[in-house]
Amino acid sequence: MRVRMAPSPTGPLHIGTARTSLYNLLAARHAGGTFVLRIEDTDVARSTPEFERDIIDGLHWLGITWDEGPQVAGGTDIGPHAPYRQSLRLELYAREAGRLLASGAAYRCWCTPEELEAVRRAQEAAREPPRYNRRCLSLTDADVAAFTAEGRRAAIRFKVPAERIGFDDIVRGEVEFDNALLGDFVIVRNDGVPLYHFVVVIDDEEMGITHVIRGEDHLSNTPKHIALIRALGYREPRFGHIPLILNQDRSKMSKRKSQTAIAAYREDGYLPEALVNFLAFLGWSPGTEEELFTLDELADRFEIGAVHRGGAIFDRDRLDHLNGVYIRALTDTQLALRLRPWVPAAVDDAGLLAIVPLVRERLVRLGDVVGLAGFLWEPDAVVSSWYSPDLLRPRNGGPEAAETALAGTIATLSAMAPAEFAADEIEHRIRTAAETAGVKAGDFFTPIRVAITGRTVSPPLFASLELLGRDRSLARLADARARLATSGAR
RNA sequence: GCCCCCAUCGUCUAGAGGCCUAGGACGCCACCCUUUCAAGGUGGAGAUCACCGGUUCGAAUCCGGUUGGGGGCACCA
C-alpha cells in the first residue's frame, strides 16, 4: 500500500488537512505501507514558502511523519520519486499534456474569461446546466490564426468522454456518476500552468500511489480523475473518501466559523498527542470503550474501511477535556518542560517545577498557566491592578471583615521566620488567626487570596503564599489594606 | 438548477436481525469532597435509533420512498 497526502501551501496547516494526513499515515502504518508527502504548489500566485513551512512544521509537531517527500521546508526531498514538489515537476506535466493533445483526448481552447462568463450566463438564463460549450473543439485554421494574431494564448481542455463512471469507494462502497453531465474542464491554463485535477492524477501514477485517501469534498471530482486516468493509460488506484469535519452549523469546517489553523491550537497549549487522539476519533472508533491511544496504538487498530460516512462536528469541549486528561497524565518534570514556552525566563527551572503542582489539576490548555500562576512572576503593581478593592470583601462580610483578615494575616506572617514559611505551617497559623478573630475560614481566606493573586479564583492559597515568599506576600497584603481603606473612605 | 454523499442522546460515538426496556464519553444538573477554582467520587436528566412503507416470527440494524443536512459542478486546491 502506498498512500499520499498532497497539501497545498496556500494557507496554514488546516485541521482537516491534519486529520486526512493522520488517516493516511494510520492506514499506511497499519498495512505496513508507505506514506508519501507531496507539496501541491502549482498555484504559484497563492503558494508561499511560509505556508509550506507551517504545514511541514505542524505535521511534525503532531508526530505525523512520512516516508517520502520534503522533510523540511526548503530542504532536500527524500525518496525514489523526487522531487515531491509539483513546481519542480513541470516538464512531466507538459509531456503528458502533449500526449493527450496528440491522441485527441484534449484540445486547445482560446476562449477568454469574458466569453466563458457570457456563455455561462446564457445557459443559466436558459436553465441549462453550466458547462463548456465546446466552441474551440471545432475551430478552423483561420479561427486559430486569428486568435493567435490577436495575441491570445490557448489553455488545454480535457475532452470528457460521455460515459458512466463507477468505482468501489473504500469507505462508501459502490458509487456511480455520469460524466456526460460534466463539461470539458481545463487541465492546463493559458499561461502553461497545469491544474490540480490533471497533476494529481499524473503524480499519483508516477509515484505509484495505490490508495487515494482524501476528504469527501473530492468525491464528486473522482469521476474526472478516473476519466483522465483512462485517457492516459494509467492504473486506477482505490479511492477512499473520509467524512468532513464540520462547523457548529454542520457546514464544512472553515476559517470563518471555526479555529482551523493547527498552529493556533499549538499556541493555545493543546498537546499534540491529545489533538491526534481527538482527530482520530472524529469519524472513526476502534469499537471498544477505551479512548486514550498513542499514535502507535492507533496505527495498530485503525481500519480505513471502518471509517464513518457521516461528517462530524468539531467539539471543542471534548478536545478541552481530552487535553486536560493528557496534561494530568504528565509527570511534574514533563509538564514543566511543556509549560516553559508560556513562563518567563525570569522563573528558573526549579521555580517552574514548584509551580506545576499548583496548576496541573487546573490546566485545560498549557497556556492557561499564565492566568493561573501569573501572579507569581508579575510585579506587585500589576497584580494589584487586576482587582478592585470591593473584591477584597468576603461573601459574608463587609470591608471590616476584609480589614480584619488582612491585618490578622499581616501580623501572623510577620511573626514567621523565613525557614518556617512553608504551606503547612502558614495554613496552621492563618487558621488559628481566623479562629481568634472569630471568622469562618473561607471568609477569612478570600481577602488574602485576592490580595495575593489579584483574583477571586486561584491555585491553593497557602502554597501560593509560600511560592510568592514572605516579603512579597506581606507587601501585597499591605497594599490591599491601603486600597481598602481608601475605597472605604469614599 | 444538476449530480453525488450522509442520517443513533445537544456533541463524538457503540451497535453489523433477536444480547437494546439502545451502551460509553463530552457537555449539562444534583450531591459528596473542599480555603476559591479545578480535579476526583456518586447519582440524574437526555435518543419513539429523521419520517413513511416494505421484507421477516422478529429490525437501530436489510430494501424502497420522503424529508432534512452536506459536498461538488472554476484557466483554486
Side-chain angles (χ1 to χ4, degrees), chain A residues 6-11 17 40-43 45-47 109 111-113 116 120 123-124 127-132 153-157 169 171-172 175-179 181-183 185-191 193-197 199-200 215-224 241 243-244 246 248-252 278 281-291 306 308-322 324-325 328 359-364 368 372 395 427 430-431 434 440-446 448-450 453 455-462:
Chain A
S8 170
T10 52
T17 307
E40 210 106 356
D41 60 352
T42 53
D43 187 345
R46 296 195 299 145
S47 297
C109 172
C111 294
T112 64
L116 259 17
R120 203 174 0 252
Q123 288 169 332
E124 264 172 42
R127 296 205 313 271
E128 286 168 19
R131 69 177 99 135
Y132 184 59
R153 299 181 58 183
I156 301 174
R157 281 184 189 275
D169 192 277
V171 339
R172 279 147 218 287
V175 184
E176 196 183 64
F177 291 84
D178 186 0
N179 273 6
L181 268 21
L182 251 42
F185 55 93
V186 172
I187 55 176
V188 179
R189 303 201 319 194
N190 73 169
D191 62 0
V193 174
L195 261 20
Y196 170 73
H197 296 306
V199 294
V200 72
E216 195 198 330
D217 46 351
H218 281 300
L219 186 59
S220 308
N221 290 327
T222 305
K224 290 180 188 173
H241 292 91
L244 265 18
L246 277 23
Q248 288 300 322
D249 63 4
R250 303 212 76 95
S251 56
K252 179 162 90 168
F278 174 74
F281 277 72
L282 265 190
W284 174 79
S285 154
T288 64
E289 288 186 353
E290 309 159 78
E291 34 196 27
H308 302 153
R309 294 181 292 271
I313 292 174
F314 188 93
D315 182 359
R316 191 63 171 262
D317 284 337
R318 196 180 171 81
L319 205 215
D320 282 347
H321 170 259
L322 206 54
V325 169
R328 274 170 253 131
V359 299
R360 79 141 9 96
E361 309 290 285
R362 284 162 255 269
L363 292 171
V364 172
D368 295 341
L372 249 23
R395 278 255 178 273
E427 174 167 7
I430 289 183
R431 279 186 188 281
K440 268 181 62 182
D443 290 332
F444 198 81
F445 298 162
T446 296
I448 307 174
R449 181 187 312 285
V450 174
T453 69
R455 306 183 196 283
T456 54
V457 169
S458 80
L461 184 57
F462 308 107

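A:Arg172 is listed as a side-chain neighbour of A:Glu216, based on a closest heavy-atom distance under 4.5 Å. Between A:Pro286 and A:Trp284, the closest side-chain pair of non-hydrogen atoms falls below 4.5 Å. You'll find the side chain of A:Val175 stays beyond 4.5 Å of the side chain of A:His241, heavy atoms only. Between A:Thr42 and A:Tyr196 there is no side-chain heavy-atom pair separated by less than 4.5 Å. Within the 4.5 Å cutoff, side-chain heavy atoms of A:Phe445 are placed close to those of A:Ile430. Side chains of A:Glu291 and A:Leu322 form no contact here, defined as non-hydrogen atoms less than 4.5 Å apart. Inter-residue side-chain proximity for A:Asn221 and A:His197 is flagged as met; some heavy-atom pair is nearer than 4.5 Å.
Under the Watson-Crick and G-U wobble criteria, each requiring two contacts below 3.5 Å, nucleotide B:C28 is paired to B:G44. When both distances must be under 3.5 Å, the Watson-Crick or G-U wobble mate of B:G58 does not exist. Pairing of B:A7, defined by two Watson-Crick or G-U wobble distances under 3.5 Å, is identified with B:U67.
Taking the P atoms as reference points, B:C4 lies 25 Å from B:U13, given to the whole Å. Nucleotides B:A47 and B:U42, compared at atom C1', are 24 Å apart to the nearest Å. Rounded to whole Å, the P atom of B:C63 lies 13 Å from the corresponding atom of B:C5. Using C1' as the reference atom, B:G53 and B:A77 are 43 Å apart when rounded to the nearest Å. Only the C1' atoms considered, B:C33 is 15 Å distant from B:G43, to the nearest whole Å. Distance check on atom C1': B:A59 versus B:G24 gives 23 Å, rounded to whole Å. Annotation: B:A50 and B:G69 have their C1' atoms spaced 11 Å apart (nearest Å). Rounded to whole Å, the P atom of B:C75 lies 26 Å from the corresponding atom of B:G70.
Distance A:Phe281 CZ to B:U11 C1': 16 Å, rounded to the nearest Å. The CG-P distance, from A:Asp169 to B:C3, rounds to 20 Å in whole Å. Note: CZ (A:Arg309) to P (B:A14) measures 11 Å, nearest angstrom. Between A:Glu289 atom CD and B:G15 atom P the separation is 10 Å, expressed in whole Å. Following rounding to the nearest Å, A:Glu124 (CD) and B:G1 (P) show an atom-to-atom distance of 12 Å. Atom CG of A:Leu322 and atom P of B:G27 are 11 Å apart (whole Å). Rounding to whole angstrom units, CD1 of residue A:Ile313 and P of B:C26 are separated by 18 Å. Nucleotide B:C9 holds its P atom 14 Å from the CG atom of A:Asp315, rounded to whole Å.
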Show the distances under 3.5 angstrom between N or O atoms of the protein and N or O atoms of nucleotides 32-43 of chain B.
unit_1	atom_1	unit_2	atom_2	d
B:U35	OP1	A:Arg431	NH2	2.7
B:U35	O2'	A:Arg449	NH2	3.3
B:U35	O2	A:Arg449	NH2	2.4
B:U36	O2'	A:Thr456	O	3.3
B:U36	N1	A:Arg449	NH2	3.4
B:U36	O2	A:Ser458	N	2.7
B:U36	O2	A:Ser458	O	3.0
B:U36	N3	A:Arg449	NH1	3.4
B:U36	N3	A:Ser458	O	2.6
B:U36	O4	A:Pro460	N	3.3
B:C37	O2	A:Arg362	NH1	3.0
B:C37	N3	A:Arg362	NH1	2.4
B:A38	O2'	A:Glu361	O	2.4
B:A39	O4'	A:Glu361	O	3.3
B:A39	O3'	A:Arg328	NH1	3.2
B:A39	O2'	A:Glu361	OE1	2.7
B:G40	OP1	A:Arg328	NH1	3.4

Under 3.5 Å, N/O pairs linking protein and nucleotides 16-20 of chain B:
none

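Here the side chain of A:Asn179 pairs a donor or acceptor atom with the backbone of A:Pro223 at under 3.5 angstrom.
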Where along nucleotides 65-77 of chain B does protein come under 4.0 Å, by heavy atom, of base (B) or sugar-phosphate alone (S), with - for untouched nucleotides?
----SSBS--BBB

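Taking the nucleotide of RNA chain B with the nearest heavy atom to each of A:Phe314 and A:Arg127, the more 5' of the two is matched to A:Arg127.
Not counting sequence neighbours, A:His321 has no partner by the ring pair (Phe, Tyr, Trp, His ring centres under 6.0 Å) test. Residues forming a side chain to side chain donor-acceptor pair (under 3.5 Å) with A:Asp191 (at least two apart in sequence, or on another chain): A:Arg189. Partners of A:Ser285 under the side chain to side chain donor-acceptor pair (under 3.5 Å) rule, at least two apart in sequence or in another chain, do not exist in this structure.
In the displayed structure, A:Arg153 atom CZ is contacted under 6.0 Å by at most 12 heavy atoms of other residues, nucleotides or ligands.
Between A:Glu361 and A:Arg328, the closest heavy-atom pair is OE2-CG, 3.9 Å.
Among the atoms of the strands shown, none is found under 4.0 Å from any heavy atom of A:Gly324.
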